[in-house]
Amino acid sequence: MGKSVTLIFKLPYYTEWGQSLVIAGSEPVLGSWNVQQGLSLTPVHERNGLFWCGQVSVAAGFTSQYSYYVVDDHKNVLRWESGNKKKLVVPEGVQDGDVVEIRDWWQDASEALFLRSAFKDVIFNENENAKRELKSSSLSKSLEPQDIVVQFIISCPRLAAGSTVVVTGSNPSVGNWRAQDGLKLNYVGDSIWKANCVLRKAEFPLKYKYCQISEAGVSSLEFGPNREVDVDLSSSKPARYILLSDGSLKESPWRGAGVAVPVFSIRSNEDLGVGEFLDLKLLVDWAVNSGFHLVQILPINDTSVHRMWWDSYPYSSLSVFALHPLYLRVQALSDAIPGDIKEEILQAKKQLDKKDVDYEASLATKLTIARKIFNLEKDKVLNSASFKKFLSENEEWLKPYAAFCFLRDFFETSDHSQWGRFSQFSKEKLDKLVGEGTLHRDIIRFHYYIQYHLYTQLSDAAAYARKNKVILKGDLPIGVDRNSVDTWVYPTLFRMNTATGAPPDYFDKNGQNWGFPTYNWEEMSKDNYGWWRARLTQLAKYFTAYRIDHILGFFRIWELPDHAATGLVGKFRPSIPLSQEELLGDGIWDFDRLSRPYVRQEFLEGKFGSLWTVIAANFLNEYQKQCYEFKEDCNTEKKIIAKLKTSPEKSLWLEKEDSVQRGLFDLLQNIVLIRDPEDSTKYYPRFNLEDTTNFRDLDEHSKNVLRRLYYDYYFSRQENLWRQNALKTLPVLLDCSDMLACGEDLGMIPACVHPVMQELGLIGLRIQRMPSEPNCEFGIPSQYNYMTVCAPSCHDCSTLRAWWEENEGRRSRFYKTVIGSDDAPPSRCTPEVVHFVVKQHFDAPSMWAIFPLQDLLALKDKYTARPAVEETINDPTNPKHYWRFRLHVPLESMLEDKEIQAAIKELVTSSGRSFPGKNAGGKLTNGKA
């Protein structure tokens with residue numbers, strides 16, 4: 001019979017009432033990853049805290065992966081560790097009956113961040129670690145009865161190339177606090193270092209720390225108090241082996257810096273009127289010269305829904321998998337472009353070299369030239385091994401995408417409900433559309449060809465960024481266009497009779513209506529969110545970090561009826577509504593009065609003046625004296641818009657169409673409760689209901705009840721539901737790739753959001769003019785949390801320069817309270833003002849400071865010649881904004897400007913934002929830590 005060993009697990013962890021801990025692992029004795037059958041732990045109070053302990057007997061030579069889970073009384077998982085699974089290897093040489101004690105730590109999400117690809121594969125390149133020699137930690141001598149083997153285990157994901165790790169402490173075996181005499185650890189892979197040390201029982205307790213020694217021999221001790229290991233000598237069977245699973249080396253927080261710019265905004269000497277994927281290589285060069293480690297871009301998926309400039313909006317995807325042909329470099333399609341096509345490209349370059357992006361002209365020109373090159377070399381490319389590999393790896397989305405593009409152009413609309421027998425997607429119809437021998441075969445193959453070249457060009461830029469230790473950060477839009485490949489192929493994943501938006505906030509007092517259908521999360525969960533997992537897998541081919549657009553949507557989404565044009569009259573989904581029973585219990589009974597537009601003659605006179613009778617006659621019926629309701633043909637926002645444009649009476653309000661529309665919308669929105677269209681006994685309080693005359697005309701009792709229920713609905717009763725919703729969906733996203741994830745958490749933020757983001761290791765966003773602290777006009781960067789990205793502006797608001805110049809009162813308050821000057825502020829945003837604000841952000845504790853490129857260029861007068869307002873990328877209050885901003889100088893010229901690159905690099909360096917491989921630590925003084 002083989003040797004038997006007792007394993008004792010010991011984990012310091014504070015739980016809440018009703019919670020306990022379980023270990024689940026890869027071996028049957030630990031439940032084979034089934035938490036219900038894992039090893040339950042018992043709480044033990046010791047002088048230095050609460051420990052959760054459990055023991056199990058195994059054979060010598062036992063190895064297992066494992067992880068800790070917090071569970072409730074029914075063993076439902078409430079929380080789990082982040083990062084890689086732990087790996088247990090019973091040490092060689094254990095004897096029958098020996099006790100092995102594993103002193104563990106809970107790996108939280110922020111600790112696991114440095115195991116993500118942004119750090120592991122880019123900044124602290126794993127290839128350098130891979131060159132390290134892997135060694136085992138076996139013992140070289142036999143043990144005496146008084147001996148105890150201590151195995152030191154430490155994770156060092158940020159270790160510089162050529163460095164080694166030692167442990168030193170209060171005992172000669174570990175160097176008596178002399179790093180050069182410390183116990184050398186062996187690298188065992190996955191950033192883990194180990195070493196065994198044999199100590200006599202009398203040598204405990206041992207105080208110790210880990211220490212890095214650079215290739216040049218410079219030692220730096222880890223931060224924080226000394227670690228300590230002790231043994232319980234009173235135990236009848238003390239541990240013979242102690243495995244000190246010590247977590248990560250304690251270092252100063254790593255802080256990085258980056259630059260953000262949409263690809264379309266880049267200007268280069270090679271582009272055709274719009275930035276291209278291959279231009280990212282120049283941007284990487286500029287980032288490296290300026291001391292940055294990250295380049296952030298906006299979404300780059302194909303958005304060609306309308307086939308016009310409306311498609312410049314990058315968050316409304318035609319396909320969440322296909323890349324946008326706009327970013328193609330046609331010159332790179334072939335090594336053998338004929339002279340006449342080369343001449344055509346040169347002419348196009350001159351014609352398209354405009355101040356702003358001409359979306360329609362650039363896209364049309366590129367597709368025309370690409371089709372000519374395709375016709376010349378299609379057989380050569382489409383029969384190549386690399387193309388065939390691309391097709392086989394991507395056909396799941398590529399074939400439906402190509403078929404969709406063909407049908408969109410054939411029917412002259414992306415609205416697939418208008419496609420006759422093709423409006424319902426099926427695999428059989430798809431196979432016929434993309435099969436051999438069809439008349440349109442080359443149209444389908446042309447879409448494959450374009451996507452293949454976009455893939456190779458973006459992959460080339462991404463590889464260049466990695467090689468230069470620059471993280472390429474992408475963007476994951478919250479929605480898809482309702483007329484998209486995804487809604488055609490997977491209609492059950494979307495609630496097509498709804499629209500997504502955001503309630504009134506900093507960006508827009510009327511709320512936003514993005515028009516995307518909301519998600520059917522219940523349906524998505526049936527295959528464990530396969531569509532989302534495929535999206536993230538696709539994104540990870542190019543990016544090592546990504547921004548989750550509107551992360552609040554994973555907690556709850558602002559859902560609007562599809563007949564709404566604005567974002568005001570919505571409700572949160574999921575949410576607990578107000579029930580009819582609950583309202584009746586509080587004395588609220590007149591549901592029609594509260595949930596239908598409250599329109600009185602005096603309101604009409606006030607809004608429309610002398611025009612009120614014309615408006616009333618065309619849009620309203622008088623159902624009792626001076627009380628009106630909307631006619632059937634104009635009882636929604638979209639119907640009002642249509643009627644204003646098509647009514648035979650429209651000449652009567654021709655000069656006032658906008659103000660009439662706004663007035664009619666106000667009347668339509670003059671409700672207090674929104675009745676649930678799927679259950680007429682459920683109601684939702686209208687956002688800002690106290691602003692309505694419907695509310696103001698109520699009795700005091702009804703007002704007080706509705707105020708209380710409003711507050712309860714928006715700020716109290718949903719918190720647990722929203723937390724549970726996010727914990728179902730977000731971990732799936734985070735676990736299906738090893739990209740670094742950042743969440744855009746701006747807007748109306750529920751209380752549950754930041755604790756969940758912290759628990760999952762999601763990095764938040766802080767924009768100075770949109771502080772997350774209440775009663776605060778400007779954020780204070782020096783007080784930001786470490787787990788954040790900080791920035792003076794973003795693509796959804798005006799640039800720093802425009803923000804400064806657009807409001808004198810606010811500028812004065814900022815100058816006084818933030819800059820600390822009683823002088824009158826300059827009306828122009830001077831380079832000195834920019835320097836102050838930018839430096840504030842570089843110096844912030846945030847893990848990342850990421851700056852829009854326009855804000856950085858404002859450090860030098862040379863780059864501020866054009867009006868600041870022209871540098872804005874998006875205006876969220878305008879749903880039909882043209883996204884067309886272009887840098888007014890090419891990247892090649894910016895690279896020649898050594899002065900501004902040096903100035904930015906100085907800001908990076910002086911702020912202590914790390915360069916790859918630079919590690920700070922404590923020093924050894926007089927032999928003591």
Side-chain angles (χ1 to χ4, degrees), residues 13 15-16 19 21-26 31 33-36 38 65-72 74-86 106-120 320 474 476-478 493 519-540 543-557 574 719-745 749-764 787:
Y13 191 91
T15 50
E16 294 171 18
Q19 297 178 345
L21 270 89
V22 169
I23 298 176
S26 55
W33 291 122
N34 181 342
V35 176
Q36 294 279 338
Q65 287 188 311
Y66 69 100
S67 209
Y68 291 94
Y69 298 84
V70 178
V71 296
D72 63 15
H74 303 289
K75 281 201 172 178
N76 296 312
V77 175
L78 304 173
R79 195 170 292 126
W80 54 92
E81 291 187 281
S82 299
N84 299 340
K85 304 294 184 200
K86 293 187 163 89
W106 176 276
Q107 181 167 272
D108 68 28
S110 59
E111 210 169 17
L113 286 183
F114 292 98
L115 302 171
R116 296 254 167 202
S117 57
F119 295 106
K120 177 171 61 97
V320 297
L476 182 78
I478 185 65
L493 300 185
Y519 294 120
N520 183 345
W521 287 111
E522 295 76 17
E523 190 65 29
M524 287 179 157
S525 69
K526 289 178 184 173
D527 66 350
N528 194 25
Y529 308 97
W531 181 79
W532 284 101
R533 287 184 287 113
R535 280 186 79 178
L536 269 292
T537 302
Q538 187 73 1
L539 212 57
F543 301 105
T544 50
Y546 67 108
R547 167 190 179 273
I548 302 174
D549 174 42
H550 192 62
I551 198 171
L552 305 183
F554 291 90
F555 292 80
R556 82 296 184 269
I557 199 77
E719 293 294 334
N720 196 46
L721 173 68
W722 291 344
R723 174 186 156 78
Q724 295 305 323
N725 199 46
L727 288 174
K728 271 189 274 188
T729 54
L730 285 171
V732 178
L733 264 70
L734 299 176
D735 291 347
C736 68
S737 87
D738 65 352
M739 292 182 286
L740 181 68
C742 305
E744 181 262 291
D745 53 348
I749 304 167
C752 61
V753 170
H754 288 149
V756 167
M757 289 181 67
Q758 187 178 346
E759 191 172 316
L760 297 178
L762 280 157
I763 300 166
M787 289 289 286

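This one's a predicted model, so the numbers in the text were calculated from it and none came from an experiment.
Here the side chain of Ser26 pairs a donor or acceptor atom with the backbone of Gln65 at under 3.5 angstrom. Although no hydrogens or angles enter the test, the distance criterion places a donor-acceptor pair under 3.5 Å between the side chain of Lys75 and the main chain of Gln36. In terms of modelled atom types and a separation under 3.5 Å, the side chain of Asn725 and the main chain of Phe555 share a donor-acceptor contact. In this structure, the side chain of Arg116 engages the main chain of Ser737 through a donor-acceptor pair within 3.5 Å. Listed for the Arg547 side chain is no donor-acceptor partner under 3.5 Å among the backbone atoms of Glu744. With Thr544 contributing its side chain and Ser117 its backbone, the two residues share no donor-acceptor pair below 3.5 Å. Looking only at distances, no side-chain donor or acceptor of Gln107 sits under 3.5 Å from a matching main-chain atom of Ala112. At least one donor-acceptor pair under 3.5 Å links the side chain of Tyr519 to the backbone N or O of Ile478. Proximity of a side-chain donor or acceptor of Arg556 to a complementary backbone N or O of Pro574 within less than 3.5 Å is not detected.
Taking both residues in full, the closest heavy atoms of Leu78 and Val71 are given as CD1-C, 3.8 Å, listed atom of the first, atom of the second, then distance. Minimum interatomic distance between Trp532 and Trp521 (heavy atoms only, all atoms of both residues): NE1-CZ3, 3.3 Å.
Residue pairs that meet the salt bridge (charged side-chain N to carboxylate O under 4.0 Å, His left out) test with at least one member in residues 723-734, sequence neighbours left out, are Arg723-Glu759.
Crowding of Glu523 atom CD: a count of heavy atoms from other residues, nucleotides or ligands under 6.0 Å exceeding 12.
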